[in-house]
Amino acid sequence: MGQAERDNWYFGVYAGVNFDGGTLTSLDDNVIERRIAFGQIEGPDNIAVVNDSVGNLLFYTDGRVFKNKFHQNLLNTPTLEYAFRESQQVVTRNPANENQYYIFVTIQDGLMMRLSYVIVDMTLDNGLGGILIDSAHTVLLNRVGQQMTTAQHENGRDIWVICQGNGTFSSFLVSPAGVSNVPVRSQTGLSLIDGNFNNYGAMQASPNNELIAGVFPDLGKMMLFEFNNLTGKLNFIYEDPSSTPEQDVQPAPFTSVEFSTNSKVLYVTHNTEGIRQYDLSNLTQIPPYINVTPQVGSLTYSHLKLGPDRKIYVSNRGRSFLGAIKEPNTVGLGCDYEVNVFNFNTGNHLLDLPTFLLPERPEGLSFLNICLGESTELKFGSDFFSTTYEWDLGDGTILMGSDTINYTYAAPGTYTVSIQGFDASGNPTFSDSKDLIIYDSPTIEPIEDIYNCLENNPFFFIDRQDDFLGTLDFSVFDITYYLNEEDALKRDNDIIEITPQMGTQTIWVRVDNRVNFQCFDVISFDIITPEFITVDIDRQQYLCDGQDLILEAPDGYISYEWNTGSHDQNILVDTVGDYTLTVVKDFGQFNCEATVRINVDVSTLPIIEEIRVNDWSQNSNSIEVIMSSDGNYEYSVNNDIFQTSNVFNDLPLEDYQIYVKELECGEVVQSEELFLLYYNKFFTPNGDGFNDYWQIINSKREADVSITIYDRYGKLIVVIDPQSIGWDGTYNGAPVPSSDYWYRVTRSNGKTHTGHFTLKR
């Protein structure tokens, strides 16, 4: 009877029921129109009904329209946004604001299904409530399925919202900081290859928040998962083997799941075969299911929902009555399923049952605030006979009090908490126990602001991590960094580095308990950049010809510090390596420090490995210089103008010599003299003293050159001596006729060049 959050139900088409002390009364004031199309309700599979902890109706919604307790439109209720058909929706409290509630729905955007939420604030419209406009359908995740459920975080305050899409489960944390944008993901049980077939169905968390059951009708699967309500992770543990269809057999049409109040019995509706019961008392060996509805008849089973009287209620498609499992904690037919326990005055098409807030006071022992240093609230719910309670807090402390006490533990650890109830006469009524884990919680020491003066100077937080953690144990705590407090509180959009800009940049530091990230501390510091200091010193310098090098720091600083230990402005070095210079500039109210690193290396004499010549042109020859190693070089032909490019183009037919200068130490090397080869395109061997001979120009200056001449048919005419005056136009002493002749030049490096010229008489 303590779960008054479930006292008022609205569902189906205009159907409703009220629970008052175990007595059911039909409600005929449901005004949300839910049209039926092709046997399905338009919109989600459940209406979210929000009642307060004592059972007063606050509002209800189908994900499209929102109605207040007087069944009028809630302020700012949308009219165009539809929750996707057959999807679930869930509602949670805002842990930071008792007047606010989050409604999570799956909306359809074209072909995309997106998880979104709106915030209802009950202080609006004179206490009747309204939607915060800025929150209307804030999208959290794209490509989600229709399954959704909620579970309480182990800290007793925060709420997990769990959904599924493409085979991956996503858990979003709702905390005092808001809804986290970054989910905890679990790839378990389902696969991407199942495609859209795993998008339909239902999920439900157990009352103890340690299990999640899901049905996937199109896959024919009923699956059970362990849920870590501290981390938000799911772990697949069971699939009903009888639910897996054989080849060419239609999958089992599962529709809904629900747990008993003790979380040890699971019920699953099969559309045509009734209700299956699973004994979860031993999760390592779950026996085959039991059908608790042997006489199905013409009923079509659709949904299950745990009521405030601890019974599980059953809806049947198209009927105007509810069935019930009266003793759901009992395994076997003793669970006492009854087909019809309540008839409605109005309403029909019972295709669904509503969704509610998690109970403010869960069944049995529960704990709120489980971080070291917090005042832990210990509660016991759902007991009607005790007037006093004896609490054994597990650390040697025994307290007498009510069903709710507060206690601050002195150290982290696991404590077995026991409670004994007594009636007014002092007689024991019940006892219960549960392990409580108190997690170590960090306290961050104040962090001094950091002054930066270097432009384009990335700041890597990991380099200062030990300074930020101080005496905190790295094995127990984790540290992350954020650009604003909101992100830090929600653990969204953490950063690992920043390149400071001019001005002040606030950095938020969050330290979490590695096991329970809800035990955390947040602090901020500033990176202040008053101006960018340019330390005018070459970052790469060289030792030349074994000589010492003077590293000269610029003027204008109040102090200098080298990693050699010297505080002089200039230092003399004779060894290669990295040298660090730290300078300090006085800005009046503070000093700003800048650090630069100078690498000292040995400069080696440049070595020309190869010179590639592309000649055989009158004015368009080129030379390319290939060095034996990379370096900072300039190049020149004939020691004239130096250039950074190692290629010289458009060179006329002249003699050349290449010079290479190494810029760090000024060393210069030169090549041997280069002679470009060329030839005349015609000659006239007529004895007039002009063009009487044909020869390769510069052939005399290049050693080991072979020159041969052929007629147009490939017949060898002559082999020319490169040292001679050239060919006179004869073959075996007789003049050859006017024609085109071909030549082949083979150079000492093996390269050949061919061409042709004209003999004119």
Side-chain angles (χ1 to χ4, degrees), residues 534-554 570-579 581 596-679 696-707 722-723 745-753 755:
T534 300
V535 183
D536 188 14
I537 186 171
D538 290 337
R539 309 300 172 87
Q540 181 70 54
Q541 299 194 39
Y542 295 88
L543 297 169
C544 301
D545 290 336
Q547 300 178 4
D548 295 342
L549 171 67
I550 298 177
L551 299 181
E552 300 180 358
N570 304 326
I571 62 172
L572 185 70
V573 299
D574 59 4
T575 307
V576 299
D578 289 334
Y579 293 85
L581 168 65
V596 294
R597 186 179 66 180
I598 303 99
N599 177 259
V600 174
D601 204 348
V602 175
S603 175
T604 57
L605 191 69
I607 299 175
I608 299 174
E609 181 174 287
E610 180 186 359
I611 295 179
R612 298 171 182 171
V613 178
N614 185 10
D615 44 7
W616 304 104
S617 171
Q618 186 73 33
N619 292 293
S620 300
N621 304 291
S622 66
I623 297 174
E624 181 181 6
V625 186
I626 307 300
M627 305 300 295
S628 63
S629 61
D630 293 335
N632 193 6
Y633 304 118
E634 285 188 348
Y635 307 86
S636 172
V637 289
N638 299 334
N639 203 21
D640 191 3
I641 299 174
F642 282 82
Q643 65 182 41
T644 57
S645 174
N646 65 328
V647 178
F648 300 90
N649 293 311
D650 300 325
L651 296 175
L653 190 65
E654 296 177 4
D655 298 341
Y656 294 98
Q657 194 168 19
I658 299 299
Y659 290 79
V660 180
K661 181 191 296 183
E662 193 276 325
L663 295 181
E664 308 303 339
C665 293
E667 300 285 353
V668 178
V669 295
Q670 64 192 63
S671 70
E672 296 180 352
E673 195 170 10
L674 304 175
F675 311 105
L676 305 186
L677 299 184
Y678 189 59
Y679 67 98
I696 297 295
I697 300 173
N698 279 336
S699 63
K700 296 179 181 180
R701 308 183 70 175
E702 184 169 329
D704 300 325
V705 177
S706 171
I707 307 170
Q723 303 298 320
V745 176
T746 302
R747 309 180 81 158
S748 59
N749 59 8
K751 294 183 178 180
T752 62
H753 185 79

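Because the structure is a prediction, the values reported are computed rather than measured.
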Q: Check the surroundings of atom CD1 in Ile607: do more than 12 heavy atoms from other residues, nucleotides or ligands lie under 6.0 Å from it?
A: no
Q. Are more than 12 heavy atoms from other residues, nucleotides or ligands located less than 6.0 Å from atom CD of Gln723?
A. yes
With the side chain counted from C-beta on, respond yes when [X] and [Y] share a heavy-atom pair under 4.5 Å apart, and no when they do not.
X      : Y      : value
Ile658 : Phe648 : yes
Pro722 : Ile696 : no
Trp616 : Tyr679 : yes
Leu674 : Ile623 : yes
Val745 : Val705 : yes
Val660 : Val625 : yes
Ile598 : Leu581 : yes

Distance check, rounded to the nearest 0.5 Å: [X] atom [atom1] versus [Y] atom [atom2]?
X      : Y      : atom1 : atom2 : answer
Asn646 : Ile611 : CG    : CD1   : 11.0 Å
Leu663 : Asn632 : CG    : CG    : 4.5 Å
Asp601 : Gln541 : CG    : CD    : 12.0 Å
Lys661 : Gln643 : NZ    : CD    : 12.5 Å
Gln657 : Asn638 : CD    : CG    : 7.0 Å
Leu653 : Asn619 : CG    : CG    : 8.0 Å

Q.
Does either side chain, that of Asn570 or that of Glu552, offer a donor lying less than 3.5 Å from an acceptor on the other one?
A. no
Q. So, Asn599 versus Asp578: side-chain donor-acceptor pair below 3.5 Å or not?
A. yes
Q) For the side chain of Ser636 and the backbone of Ile641, is there at least one donor-acceptor N/O pair under 3.5 Å apart? A) yes
**Q.** Main-chain N/O of Asp574 paired with Asp548 side-chain donor or acceptor, under 3.5 Å
**A.** no
Q: Would you check, one step at a time, whether the test side chain to side chain contact (heavy atoms under 4.5 Å, CB included) holds for Asn639 with Gln670?
A: CA-CA 9 Å; Asn639 203 21; Gln670 64 192 63; over 6 Å; no
Q) Which is it for Arg747 and Glu702 under the salt bridge (Lys or Arg N to Asp or Glu O under 4.0 Å) test, yes or no, and what are the steps along the way? A) CA-CA 8 Å; Arg747 309 180 81 158; Glu702 184 169 329; 2.7 Å; yes
Q. So Leu551 and Val573, side chain to side chain contact (heavy atoms under 4.5 Å, CB included) or not? Walk me through it.
A. CA-CA 7 Å; Leu551 299 181; Val573 299; 4.0 Å; yes
Q. Checking side chain to side chain contact (heavy atoms under 4.5 Å, CB included) for the pair Tyr579/Val600: CA distance, chi angles, key distance, verdict?
A. CA-CA 7 Å; Tyr579 293 85; Val600 174; 3.6 Å; yes
Q. Going through the distances and angles, do Glu662 and Tyr633 end up as a side chain to side chain contact (heavy atoms under 4.5 Å, CB included)?
A. CA-CA 5 Å; Glu662 193 276 325; Tyr633 304 118; 3.9 Å; yes
If I compare all heavy atoms of [X] with all of [Y], which pair ends up nearest, and what's the gap?
X      : Y      : value
Ser622 : Asn649 : CB-OD1, 3.5 Å
Pro652 : Leu676 : O-CD1, 3.7 Å
Gln547 : Leu543 : O-CD2, 3.5 Å
Tyr656 : Leu651 : OH-CB, 3.6 Å
Ile626 : Glu624 : CD1-OE2, 3.6 Å
Ser645 : Tyr635 : O-CD1, 3.3 Å

